[in-house]
Amino acid sequence: MSDFVRGLRLWLSPQRIREEGDTPDYRFSLANERTFLAWIRTALALVGGGFAVDQFLPDLRWGVRVGMALVLLAAGALCALRAVNHWVRCERAMRRDEDLPVSRFPTLLSLAVGLVAGAMVLVVLLGWSG
């Protein structure tokens, strides 16, 4: 079974993580859960921001408004999916006594949010409307 399929099965059956290696110090597992929850809070904030842009900026040009909203909504969805993937990968690494995995996702998320924030700065400064 490929590593991807095994990891995906752990998303849906997290109790199977016990089959991987040795149980780490519970404090590390709890820290991993707190990180997961932080990613979920970020995802919820991005989704909320996407809806807010769409609902509360009706005078903004349709394409600009929808574009910014979709970037935030997509970032929120990806962030939520990445949260569970990161939790599984870190938990497996701790149980196997391996280095924790690294990811480019935080950089990509930061760029997406920065792009939307920059567009919103332009909207505010230039007073664009529909």
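Here the structure is a predicted model, which is why all the values come from computation and not from measurement.
Separating the CG atom in Asn85 from the CG atom in Leu78 is a distance of 11.5 Å, to the nearest 0.5 Å. Remark: Phe36 CZ to Glu91 CD distance equals 12.0 Å, nearest 0.5 Å. Distance check: Leu57 CG to Trp62 CH2 gives 15.0 Å after rounding to the nearest 0.5 Å. Once rounded to the nearest 0.5 Å, the distance linking OG of Ser110 with CZ of Arg104 reads 14.5 Å. The CD atom of Glu98 sits 11.5 Å away from atom CE of Met94, with the distance rounded to the nearest 0.5 Å. A distance of 12.0 Å separates OG1 of Thr35 from CD1 of Ile40, quoted to the nearest 0.5 Å.
Applying the ring-ring contact (aromatic ring centres under 6.0 Å, His included) rule to Phe105 yields the partners Trp39; only residues at least two apart in sequence or on another chain are considered. Annotation: salt bridge (charged side-chain N to carboxylate O under 4.0 Å, His left out) contacts of Arg96 (sequence neighbours excluded): Glu20. Taking the side chain to side chain donor-acceptor pair (under 3.5 Å) definition, one finds that Thr23 meets it with nothing, sequence neighbours left out.
For the pair Arg95 and Asp22, the salt-bridge criterion is not met [side-chain N within less than 4.0 Å of a carboxylate O].
Pairing each heavy atom of Asp99 with each of Ala93, the nearest pair is O-CB, 3.6 Å. Taking all atoms of both residues into account, the shortest heavy-atom contact from Ala75 to Leu109 is CB-CD1, 3.8 Å. Nearest heavy-atom pair, Ala43 versus Ala80, reported as atom, atom and distance to 0.1 Å: CB-N, 3.6 Å.
By the rule that hydrophobic residues join a cluster once side-chain heavy atoms approach within less than 4.5 Å of another member, Leu115 and Val113 end up as members of separate clusters. Cluster membership for Val88 and Leu37, using ILVMFWY side-chain heavy atoms within less than 4.5 angstrom, is shared.
Between the side chain of Asn32 and the main chain of Trp87, a donor-acceptor pair closer than 3.5 Å is present.
Annotation: side chain of Pro101 is not in contact with side chain of Arg92 (no heavy-atom distance under 4.5 Å). Counting heavy atoms from C-beta outward, Val53 and Met120 have side chains that approach closer than 4.5 Å. A heavy-atom distance below 4.5 Å is found between the side chains of Met68 and Leu60.
A donor-acceptor pair shorter than 3.5 Å can be found between the side chains of Arg82 and Ser103.
Residue Val116 is tested with Val121, Leu111, Leu46, Leu72 for a side-chain contact (heavy atoms from CB on, under 4.5 Å); the sole match is Leu72.
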